[in-house]
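One structure is given here, and the rest of the page talks about it.
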Amino acid sequence: MTVRFPAKFRDVDAGSIFMSNEAGDFFFTNEQFLDAYAAGTTTEADDQFLQNQGFQSQSSNDLYFYSYLSRLVKRQTYRTELSYIILVPTLRCDLSCSYCQVSRVAENAIGFDWSEETTEHVINFLDGLETKSIKIEFQGGEPTIRMDLLSRISSFCRQKFDEAQFVVCTNLQRLDEEVLTYYDNEDVTISTSLDGDINTHTKNRTVDHEITDRFFANLDFVLKRFGPNKVSALPTIELSEDFDPTALYEAYASYGFKSIYFRPVNYQGFARKKHSDSIDNFALWRKVYFNFLDLLISEAADNPNPIDEYYFTLCLKRFFQAGHDSHVDLRNPNPFGRDYLLVDYDGQIYPTDEARMLARVGQVDLSMGKIGSNFDTEKLNQLNYLNMNNIHEECIHCAYQYACGTDLVDDLSRYGRVDIPKVDTWFCRKQLAIFDRIAGDLASDNRNVLSVYERWMGLPDQTLSEGIIRYDPTNH
Amino acid sequence: MIPLTIRALDSSNDDPYVIRLRSDKSQIENEADFWIRKMPTVGAVATSATKTIYFPNNTSSELDGDVLLVTPTKGLANRLIRAASSHNTFLVTEQCDQLCVMCSQPPKKHHHDLFAELTTAALLAPKGAIIGISGGEPTLHKADLFNLLTDVLSKRPDLQFHVLTNAQHFSENDLHFLKDKINRNIVWGIPIYSDVPDVHDQIVGKTGAFENLLENLTLFIRAGARLEIRTVIMQQNARTLPNLAKFLSKQLGNAETWAVMQLENIGYARKNWADIFYDHSVDFTPIAEGLRAAILNELPTKLYNFPLCTIPSEFREFAVPSISDWKKKNIDICKNCNALNSCSGFFEWYDHTNGFRQVGAL
């Protein structure tokens, strides 16, 4: 007897219906087919098509049934091995950016660095990990204020793990001999902030032109010394009606960066005090974001390796493929405290970077305890059940559920709770807007746009045009 | 070409026996180990406490570490496992229930049973070796095969097996075996030639083979067994390759490898060459389209037996140097090529007069 797997559908532009399932199978069709599907009046050819596309099987014991389950499992599988640790050896910083998300403290403040005891606990903790390959991200404050701790942790990891990678999130203000010697290590990469042109960067971050000049000079210096593969930059975007997408694009293009993460000011931490309007400026984000995306598409015209928007490409990949789970704010399920966590300057452990900010502004304490003592995961386990989109009413009916995720920390930070209807959250609205854009472009079969998407995803020419399944029952 | 059967002179009339050769006397571990060294004049000699074997045509260094099946009455030895090679395959039977149009090893009626000897040989394999099992159809002797795999892997968990099977002879009863943890060390290489049942059935010469295959593949998925799907490309199935790629990506997306293979012109393939050889160097279109579907759906795909110069540059990364060392050759145009190390090369029996039209040194 025919078994139909749960399917969802959504109207997209160009008069198309997008049909999908939880395993990530999808195709485009028309209303006539949807009606037949719903009424149970599909033809034999329709049923053959549905079976081929992974929407039904002839029994609950055949290849099509089990392969559906395999795909479903593949979409739902997540890493459980702790292998990605964010370390905050100091909260001190020599800059005071207007939207700093972590409530940094002044450079000469006392009591905002790891104590010797905390440092030893961190090393013991790393020593107890089972993973063979580790990724350490040094955050701050400004981590290069404590090069001694960076070197100590790195030396330990290099002898403990088969493979170790280190990312230093830095404002690039200091590039003395000690810092450069550390950066020379092949396993170290540099991540910095670049908000756009000199004026934007000064306004947002440095205030002082002299400091801005030093930043740009140092960015030039590290790019020349290490090349763009070792150095990455992230902007923080202040949304406004007169946002200039070209200035942002030019700034990144001029340094040879291949990816821009269009990251609006986050309604978290210190940023919350100065940017209270960021709680609900969705319409503005939508306008500015898609303007920027359109600019990237037009700039990509004949470029074999065009600049992409990092998050959009991530969504594109998740639209087609399972396993793109390294971005921890967009994956499903997304349990806290499993494969990554953060150790703060005071030894407190948090499930994510954003979670420590929520604790700092006094909104909700998601701390898992202090390094050196046992983890308290009870609170997180309660949340983890909610941290998957398979159980939320709106999500289970959403045609994009398979590609999407959940962001409970974002929900908490904006609304102070995790149970408001997902369709009313910023996260859901943002995801719907992006996925609708993708589905619309795929449906309309605009070769120019698809060609850009192919290059952003690193696919050979024609791959998307050939790979998108369209079904018109009258042709079968 | 490296000969796999060599002269081995043992003055006895003993039954065939399995030995391992060691040039370093300190490495001798058990009674199967023979100490091999060079003869003063030519060839090599291997000795154990009770036996002496002469190898008139080989040096001691080339045989060091090899596991041999010695047949005294014939004066021959089969090099079952060559220590220096990553291409060691046990041919467990020459019987087969299919009759593929391109079979490189046409089936024979009679089965010459060597499972006991092969089990002994596998246990003597170098650490971490990958051993191929081929035929004929190995699962026509399924109980013996499963015993061999279980025996060897329970004692030697460092080894890996790659079993080539048409998957026609599995049933619900085999789920238990397929789920056993030894299956972590077994890759099942299963050919699917087309997503069109008739095309597949005609290639393998067996009506209903495709349907039976799909049913049995369900068992492999349920068991979580490791799969390699193999597709030899021919005139008969080339045009169906894009849809096959889509079918495999969807229904067998957990396969570790999809091996798209060019023809080996020996056996039936040589006889049927004109009717089956598909020259992808002239028209790569269906393969390119198949590869694009596989890439989009992240089906790990490789091109076997595709010389690099016959592939458009954007798809060369998918080609692997797949032709086993002992049956690989280069042809004239290879002389000035810079890509020999990463190239499959050509089969020893490849005939360029009816082979690829578009070749050229890279």
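We name chains A, B, ... by the order of the sequence lines, and we start the count at 1 in each one.
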Are B/Gln168 and B/Asp97 close enough that some pair of their side-chain heavy atoms sits under 4.5 Å apart?
yes
Does the side chain of B/Phe284 come within less than 4.5 Å of B/Ile311's, by heavy atoms?
yes
Using a 4.5 Å cut-off on heavy atoms from C-beta on, say whether the side chain of B/Leu164 contacts that of B/Arg230.
yes
Scored by heavy-atom pairs under 4.5 Å with chain B, the best of A/Gly467, A/Gly54, A/Gly323, A/Pro460 is A/Pro460
Donor + acceptor pair across side chains of A/Tyr402, A/Asn389 (<3.5 Å)
no
Side chain / backbone / both / neither for A/Lys74 at chain B, heavy atoms under 4.5 Å
side chain
Is the shortest side-chain heavy-atom distance between A/Asp441 and A/Tyr453 below 4.5 Å?
yes
Please look at A/Ala23 and chain B and tell me whether the side chain, the backbone, both or neither of the residue comes under 4.5 angstrom of a heavy atom of that chain.
neither
With chain A as the partner chain, list the residues of residues 291-305 of chain B whose heavy atoms fall under 4.5 Å from it, by residue number, and write 'none' if nothing qualifies.
B/Arg292, B/Ile295, B/Leu296, B/Glu298
Tell me which one of A/Arg318, A/Arg75, A/Arg331 satisfies side-chain hydrogen bond (donor to acceptor under 3.5 Å, both in side chains) with A/Asp325.
A/Arg318
To the nearest 0.5 angstrom, please state how far the OH atom of A/Tyr311 sits from the CG atom of A/Leu330.
4.0 Å
What residues of residues 249-260 of chain B make heavy-atom contacts with chain A at a cutoff under 4.5 angstrom?
B/Lys250, B/Gln251, B/Leu252, B/Gly253, B/Asn254
Heavy-atom distances under 4.5 Å only: say whether A/Glu454 touches chain B with side chain, backbone, both or neither.
neither
Before giving the answer on ring pair (Phe, Tyr, Trp, His ring centres under 6.0 Å), spell out for A/Phe5 and A/Tyr68 the whole-Å C-alpha distance, their side-chain angles and the decisive distance to 0.1 Å.
CA-CA 8 Å; A/Phe5 315 135; A/Tyr68 171 75; 4.0 Å; yes
A/Gln401 side chain near A/Cys404 side chain, heavy-atom distance below 4.5 Å:
no
Between B/Glu215, B/Glu314, B/Glu289, B/Lys246, who has the most heavy-atom pairs with chain A when the cutoff is under 4.5 Å?
B/Glu289
Do A/Ile17 and A/Asn30 come within less than 4.5 Å of each other through their side chains, counting heavy atoms only?
no
Is any side-chain heavy atom of B/Tyr193 closer than 4.5 Å to one of B/Met102?
yes
Taking the six-membered ring of A/Tyr84 as reference, does the NZ or CZ atom of A/Arg79 fall below 6.0 Å from its centre and within a 45° cone about the axis?
no
Chain B contact via A/Asp25 - which portion, at a heavy-atom distance below 4.5 Å
both
